[in-house]
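All values below come from the heavy atoms of this structure, side chains included, with hydrogens, waters and symmetry mates left out. Below, read A as the first sequence line, B as the second, and so on, with proteins coming before strands; counting in each chain starts at 1.
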Amino acid sequence: MKILVCVKQVLDADGPVRIDASGKWIEEAPAARFRMNRFDEFALEEALRIREGFPGTRIDALSAGPARAAQTVRRALEMGADDGIHLFLDDERYRMPFEIASLIGAYASDRHYDLILAGVMAEDDMQGQVGPMVAEILEYPWATAVMSQKLHKTGDGPDASGTIYVERELEGGLREAFELTLPALLTIQSGINRPRYPALSHVLRARSQALITIPASRPGETDPVSFPAPRERIQSLEEPAPMKTGVILSGNPSEKAEKLRQILQERAFL
Amino acid sequence: MNNEIIVVAELSDNRILPVTYELIAFARALAAGDSAPVRMIVPGRETHAVARDLADETGLDTIALVGDPLAFYNAETWMTAMAARLAVRKPRYICIAHTSRGCDFAPGLAVRLGASCITAVEGFSRQDGAARFVRKIFNGKIKMDVTPERDTTVLTVLPGAFKVEQKSPRAHLAGSMEVLKIPDHPQKIRTLGVIPAEEQDLDLALADVIVSAGRGIGAEENLELIRRLAGLFSKSAMGCSRTVCDLGWLGYKHQIGLTGKTVAPKLYIACGISGAVQHIAGMRGSKMVVAVNKDPRAAIFQIADIGIVEDLMTFIPLVMDA
Ligand SMILES: Cc1cc2nc3c(=O)[nH]c(=O)nc-3n(C[C@H](O)[C@H](O)[C@H](O)COP(=O)(O)OP(=O)(O)OC[C@H]3O[C@@H](n4cnc5c(N)ncnc54)[C@H](O)[C@@H]3O)c2cc1C
């Protein structure tokens, strides 16, 4: 069986997040830290667990991104993916979900993955679109926000068939269950598992393993994977106004603590 | 192209969910500029009566999209049923709720229709006659204005972001109601049904004060600090962000937000929570919000009444001793 896991590299938002000179995306400060999107870690972990249940399964991890995204592909190898694929974008411009989904779709179209997994959304742009878009491009059935899955596979190779039982998350603690015919795509919700830390043996293997790097073309060019025209455009980014109605307490930490207690007492909470 | 705006109703047990009225309010505001017609689609096995009521109540023309395959939600049937009708209508905008199900089928629908797709929309502005849609990125730290490039655009609208006008009076003129029956059966997805939520406890619902922990508490041990802070108040309870549950620090029954509990206590104290829209969706109704976060630009401060920019590990002990 073949599984593809889509992993995105995102800027860690614990550090500063500043708008770049173009006003259309985020600056890459020298100190910026990039890492794997956490939701994708859950997706990759789920793939690793499926492989444990179905020995012989191969897991490809793929990231579409600029040169630095190779680190995230390598991280996926360290966690245990068999092969790492880097759809190489030759600049750091932000791409809309449909552009990325088209690239991934073009890559995956003749590679017969039985299952494609992705995170429920990316922590940076928070769109949640790439997964279901890839599924629709490939004409795979899909389910998003999956909180539990069970694979039923019969046979292997080209004649393989099977289904996957999934529970996806609704509001208010409800779930709904489906059975999808393979091949299928799932986007994985956080909390489905606890992503593992890389084992030393995998870290060592990943160090020497070459990534499969595929250049992604610009519109009109004929590289192996093709790019569509964007369907949406970012007009501007802006930092929201600091505070609408509230106040930020000033002073040293003890003064602030004192003020807070006063306010809470005035309002009869204490 | 026409300038029609389609609103896709969301139902549960054949009843219209409140978020649908927010979508209608959003669509009407969006239409106002160019007096575009707003039309509803109500999908389900037998939504004739619900669609009729909705047309009477709102005055909007309504399409009941009915058929056995629509008895239960799944992405494939929803999308296939809608894409066929929408491809011929070529509306300008299709408004879908940014709920679990809305997020499930909207992006695929956009691909099928060759449409633009903008998710988690919180509002819009107009510039030179064109609508720019507002959404947030990086857990609310940055606001993004997006414009569509295609003739049709699928929008998912964040619940709670667009207020429903005062319970509008019943429309003078009822809208028309049309029934479209879909014959197609799903091919690749079989719906097995909804699984009820695990036993709920009422602590959060009954609490006057909720003290909530985010990933910023750093480690499970530090929950003790949050617990002690909660102990200062009578009728208090502990809440948390989803991340804290995912890390296994607290059970999911403590989770507040879009996919957790919706709460409206008299006082909500957010400790080390960034303020992602999915979290805010669950505590927006709190009467007073206090936020403690070491990042002055954390989005939680945008909705806080009292903001404290400090490391919670040093600050909370000071509050206890003050
Ligand atoms: C479909 C879907 C549904 C979701 N539903 C929910 C939901 O119901 N509820 C929910 O909460 N989330 C939900 N999320 C997740 C949400 O998007 C965020 O990822 C999550 O809310 C972030 O949690 P957090 O604020 O604890 O962590 P982070 O975003 O990592 O924020 C941590 C914060 O702590 C601060 N901090 C760090 N150290 C300190 C310190 N020492 N002192 C003070 N401050 C500190 C940081 O500045 C930061 O602002 C959902 C996501 C998806 C995709």
- Message: If I measure from the heavy atoms of chain A, does Thr314(B) come under 4.5 Å with its side chain, its backbone, both, or neither?
- Response: neither
- Message: Among Lys136(B), Met144(B), Arg135(B), exactly one meets side-chain contact (heavy atoms from CB on, under 4.5 Å) together with Met126(A). Which residue is that?
- Response: Arg135(B)
- Item | Engaged part of Ala106(B) at the chain A interface, taking heavy atoms whose separation is under 4.5 Å | neither
- Message: Is Met79(B) in contact with chain A via its backbone, its side chain, both, or neither, using a 4.5 Å heavy-atom distance?
- Response: side chain
- Message: Is Gln262(A) close to chain B through its backbone or its side chain, or both, or neither, when contacts mean heavy atoms under 4.5 Å?
- Response: neither
- Side chain, backbone, both or neither: which part of Arg112(B) has an atom under 4.5 Å from a heavy atom of chain A? both
- Could you look at Lys266(B) and say if it's the side chain, the backbone, both or neither that has a heavy atom under 4.5 Å from chain A? both
- Which bit of Lys141(B) comes within less than 4.5 Å of chain A, counting heavy atoms only: side chain, backbone, both or neither? both
- Query: Of all of Phe133(B), Phe315(B), Phe72(B), which one pairs up most often with chain A through heavy atoms under 4.5 Å apart?
  - Reply: Phe315(B)
- Message: Need one label for Ala13(A): side chain, backbone, both or neither, based on atoms under 4.5 Å from any heavy atom in chain B.
- Response: both
- Message: For a 4.5 angstrom cut-off between non-hydrogen side-chain atoms, does Ile192(A) reach Asp246(B)?
- Response: no
- Assert top hit (heavy-atom pairs under 4.5 Å, partner chain A, pool Gly248(B), Gly260(B), Ser274(B)) equals Gly248(B)
- Item | Residue part contacting chain A, namely of Leu109(B), when any heavy atom lies under 4.5 Å | neither
- Please determine, among Gly114(B), Pro159(B), Gly282(B), Gly257(B), the option with the most heavy-atom pairs under 4.5 Å with chain A. Gly114(B)
- For the pair Lys188(B) (side chain) and Trp142(A) (backbone), establish whether a donor and an acceptor sit closer than 3.5 Å, ignoring hydrogens and angles. no
- Message: So that I can tick it off, tell me whether Asp305(B) and Arg267(A) are bridged by a salt bridge, with the cut-off set at under 4.0 angstrom between side-chain N and carboxylate O.
- Response: no
- Message: So Glu179(A) and Ile189(B), do their side chains get closer than 4.5 Å, heavy atoms only?
- Response: no
- Item | Heavy-atom proximity to chain B below 4.5 Å, by part of Arg168(A) | side chain
- 4.5 Å side-chain heavy-atom contact, Val194(B) and Arg175(A): no
- Query: Quick one: are Phe269(A) and Leu232(B) in side-chain contact, heavy atoms under 4.5 Å?
  - Reply: no
- Looking at CG of Asp145(B) and OG of Ser236(A), how far apart are the two atoms once the value is rounded to the nearest 0.5 Å? 4.0 Å
- On the 0 to 90° scale, with breaks at 30° and 60°, tag the Tyr73(B)-Phe178(A) ring pair as parallel, tilted or perpendicular. perpendicular
- Query: At a heavy-atom separation under 4.5 Å, does Val209(B) approach chain A through its side chain, its backbone, both, or neither?
  - Reply: side chain
- Message: If the threshold is 4.0 Å, N to carboxylate O, is there a salt bridge linking Glu238(A) and Lys143(B)?
- Response: yes
- Task: Against chain B, label Leu180(A) side chain, backbone, both or neither, depending on which of its atoms sit under 4.5 Å from a heavy atom there.
- Result: both
- Considering only heavy atoms from C-beta outward, does the side chain of Leu260(A) approach that of Val290(B) to under 4.5 Å? yes
- Message: At a 4.5 Å cut-off on heavy atoms, which part of Arg233(A) comes close to chain B: side chain, backbone, both, or neither?
- Response: both
- Message: Using heavy-atom distances under 4.5 Å, tell me whether Val289(B) contacts chain A through its side chain, its backbone, both, or neither.
- Response: neither
- Message: Distance check, rounded to the nearest 0.5 Å: Lys256(A) atom NZ versus Ile308(B) atom CD1?
- Response: 8.0 Å
- Query: Between Arg215(B), Gln187(B), His98(B), which shows the greatest number of heavy-atom pairs under 4.5 Å with chain A?
  - Reply: Arg215(B)
- Query: Hey, mind stepping through Val10(A) and Phe138(B) against side chain to side chain contact (heavy atoms under 4.5 Å, CB included) and telling me if it holds?
  - Reply: CA-CA 10 Å; Val10(A) 296; Phe138(B) 287 98; 5.8 Å; no
- Measuring heavy-atom distances to chain B, does Leu264(A) have an atom under 4.5 Å in its side chain, in its backbone, in both, or in neither? side chain
- Determine, step by step, whether Glu169(A) and Arg242(B) satisfy the salt bridge (charged side-chain N to carboxylate O under 4.0 Å, His left out) criterion, reporting the C-alpha distance in whole Å, the side-chain angles of both residues, the deciding distance to 0.1 Å, and the verdict. CA-CA 13 Å; Glu169(A) 186 179 54; Arg242(B) 182 177 184 106; 3.0 Å; yes
- Between Arg261(A) and Val319(B), is any pair of side-chain heavy atoms under 4.5 Å apart? yes
- Task: Identify whether the distance between the nearest side-chain nitrogen and carboxylate oxygen of Arg150(B) and Glu232(A) falls below 4.0 Å.
- Result: no
- Between Arg297(B) and Glu239(A), is there a salt bridge with N-O shorter than 4.0 Å? yes
- So which part of Glu76(B) gets closer than 4.5 Å to some heavy atom of chain A, the side chain, the backbone, both or neither? neither
- Message: When you compare the side chain of Val146(B) with that of Met96(A), does any pair of heavy atoms fall below 4.5 Å?
- Response: yes
- Do Glu171(A) and Ser100(B) have side-chain N/O donor and acceptor atoms under 3.5 Å apart? no
- Query: Hey, are the side chains of Phe105(B) and Thr144(A) touching, using non-hydrogen atoms and a 4.5 Å cut-off?
  - Reply: no
